[in-house]
2 protein chains.
Amino acid sequence: MKIPLYRQIQANLKEKITSGVYEEGGLLPSENELCVEFNATRMTVRQALNELVREGYITRQHGKGSTVSASRKSLGLLSLKGWTEVVVASDRHGKTLVLEGPVLKKLEDAALKPLIDDEKHEEFIFFKRLRLVEDSPVMFEQTYIPNENLPNFIEEPLLEGSLFRTLLIRYQIDVQSMTQEVRAIAADKETANLLKIKQKSPVLHLLRKYKTSVDDFFLYSSIYCNTEKFAISSFN
Amino acid sequence: MKIPLYRQIQANLKEKITSGVYEEGGLLPSENELCVEFNATRMTVRQALNELVREGYITRQHGKGSTVSASRKSLGLLSLKGWTEVVVASDRHGKTLVLEGPVLKKLEDAALKPLIDDEKHEEFIFFKRLRLVEDSPVMFEQTYIPNENLPNFIEEPLLEGSLFRTLLIRYQIDVQSMTQEVRAIAADKETANLLKIKQKSPVLHLLRKYKTSVDDFFLYSSIYCNTEKFAISSFN
DNA sequence: ATTATTCTGTTGTCTATACAAGTTGTATAA
DNA sequence: TTATACAACTTGTATAGACAACAGAATAAT
């Protein structure tokens, strides 16, 4: 398994940022210094740095350098990262309860239907999960995965509890990008109970469609978020 | 004012995509063909294409090509783009009512205070705006801009009604990136009246901090969205 | 002392090239 | 007919170098 050089540089710098080697608000070494350190050309180093900008770890300024961003206090859940990665990065203690699934099911969630262009899918692998941050329920997520390309998926447990990692390692399916719609709605009874809030409290509703490395193979999620304690953050 | 070649290519392709020259789901010309067309190297063309990926116009697949994405139906307001650009891109008819301002004011919105690290700012230029899509009120936005670097801002009207364009053209201040927090809350009286919904209806609340090309000069916005008719969408 | 100017180091843009690796269609062999 | 191999395309990664544009500090001119 060959990892591209720029990915290695990216991971190395990310590690140094999160561990505090490069401190918040400080400057990263210049591109030329990084070239020497990693024995790469400037274009390669720049590719790594641009990825870090996209992920919100650094900002760059013409003629000056790359500045380490202040770490975010809220959860960066509007980004592509999976739950596991986000919670770990935020230095918080996260937990996931699987309420139901994996199980075969037809698509019931009416809200998700408009996202699915193909009506060919009959059965989906279904998950119902509740996600806690520091023991408070924060997200209630229902995931639908078309039941194709995934032999024995239901039989075996998730790798490290992470859906994305399981797809990547066991099936070589890489989740590459996502589109989502965001709404504010009133919590229904089930959602309110699970998130431990009053019925009809405002909750964030995210409808997601994940694109993967397999053509025409998408994942779908409907997510309800309690934003009272933790806001959802995003970058650009 | 010299525009980089890759920006020109990016704009040219975007135009061809939105106008339908390259149709949805179809393939763009290959990188090498674009090199010939624009008389540029592959690296330059790739930079343009990567920007288009980031903006959600195309997706790319190794060994295959660049595919034109299906155009989005909801408003891409989680991205950096200003209101004007977003509404135009969505083929909808947008309008902005300035309810108050520009006027000098101290920061009143308690929710925005945590975003502002510097307490040095005494006075802000303040806007209160209501944004309509196809004559329905969709967003209620309150903007605070530190009253520095902007001589005569209050006296003169906005260029083409766009705040971002005014900052860029008149003051050479470029809005480069943004961080935001997203919550679902119950609408207060003023917000409900303006958005023509019931009090305590769920609305999306966005707290934004815009970074600009001027060091330590940020813009701040508190935005309430009615998501009943139009969802807010984003990419990754 | 204040204001220009120059210098140095930084990131931004761009060229030219090379090979790796994924995708698809075609020709060949079984 | 069905595999298999191959060729021709695509995008992905990486090198090496050049000049432009910007920021900040040092220097020179006023």
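Protein chains get the first letters and strands the later ones, always in sequence-line order, with residue 1 at the start of each. All values below come from the heavy atoms of this structure, side chains included, with hydrogens, waters and symmetry mates left out. The structure presented is a predicted model; accordingly, all values stated were derived computationally and were not measured.
- We find that CD of B/Q47 is positioned 8 Å from C1' of C/dG12, with the value rounded to whole Å.
- The side chain of A/E31 lies closest to C/dG12 when the candidates are C/dA18, D/dT15, C/dG12.
- D/dT13 atom P lies 11 Å from atom CD of A/Q10, rounded to whole Å.
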Item checked: Evaluation steps, side chain to side chain contact (heavy atoms under 4.5 Å, CB included), between B/T67 and B/Q61 -> CA-CA 8 Å; B/T67 309; B/Q61 210 185 334; 5.9 Å; no

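- Counting to the nearest Å, the P atom of C/dC14 and the CZ atom of A/R46 are 11 Å from each other.
- For A/T44, no side-chain nitrogen or oxygen approaches OP1 or OP2 of D/dT13 to under 4.0 Å.
- When atom types are taken as modelled, the side chain of B/Q8 and the backbone of B/I3 share a donor-acceptor pair closer than 3.5 angstrom.
- Here B/R60 reaches the OP1 or OP2 of D/dG12: one of its side-chain N or O atoms lies under 4.0 Å away.
- Whole-Å rounding puts the B/L49 CG to C/dC14 P distance at 14 Å.
- Comparing D/dG12, D/dT15, C/dG12 against the side chain of A/L5 picks out D/dT15 as the nearest.
- In terms of heavy-atom proximity, B/L49 sits nearest to B/I58 at O-CD1, 3.6 Å.
- Under the 4.5 Å side-chain criterion, counting only non-hydrogen atoms from C-beta, A/N147 is not in contact with A/F153.
- Judged by distance alone, the side chain of B/S69 and the main-chain N or O of B/Y57 form a donor-acceptor pair under 3.5 Å.
- Of the two residues near DNA chain D, A/N39 and B/G65, the one whose nearest nucleotide lies more 5' is B/G65.
- Atom CD in B/E51 sits about 13 Å away from atom C1' in C/dT13, given to the nearest Å.
- Checked against C/dT24, C/dA18, C/dC14, the side chain of B/Y6 finds its nearest nucleotide in C/dC14.
- For A/H62 and A/Q8, each mapped to the nucleotide of DNA chain D holding its nearest heavy atom, the one lying further toward the 5' end belongs to A/Q8.
- Here B/K209 contributes atom NZ and B/S221 contributes atom OG; the two are 13.5 Å apart, rounded to the nearest 0.5 Å.
- Across the protein-nucleic acid pair, A/M43 atom CE and C/dA16 atom P stand 14 Å apart, rounded to whole Å.
- In the set C/dT13, C/dT10, D/dT11, the nucleotide with an atom closest to the side chain of B/S66 is D/dT11.
- Side-chain nitrogen and oxygen atoms of A/Q61 include none within less than 4.0 Å of the OP1 or OP2 phosphate oxygen of D/dC22.
- At its two ends the helix from C/dA1-D/dT30 to C/dA30-D/dT1 runs along axes set 0° apart, each axis drawn from five pairs and the angle rounded to 10°.
- Per the geometry, CG belonging to A/N32 stands 13 Å off P belonging to D/dA18, to the nearest Å.
- When heavy atoms are screened at a 4.0 angstrom cut-off, A/S30 is found touching the sugar-phosphate backbone but no base atom.
- Contact annotation: B/R42 side-chain N/O to C/dA16 OP1/OP2 distance is not under 4.0 Å.
- Between B/I58 atom CD1 and D/dT10 atom C1' there is a gap of 14 Å when expressed in whole angstrom units.
- Nucleic acid contact for A/N50: none, since no nucleic acid atom lies under 4.0 Å from a heavy atom of the residue.
- The closest donor-acceptor contact from the side chain of A/E141 to the backbone of A/R131 lies at 3.5 Å or more, if one exists at all.
- Scanning both residues, A/P146 and A/F218, for their nearest heavy atoms gives CD-O, 3.0 Å.
- Between B/K64 and D/dC9, a side-chain N or O to OP1/OP2 separation shorter than 4.0 Å is absent.
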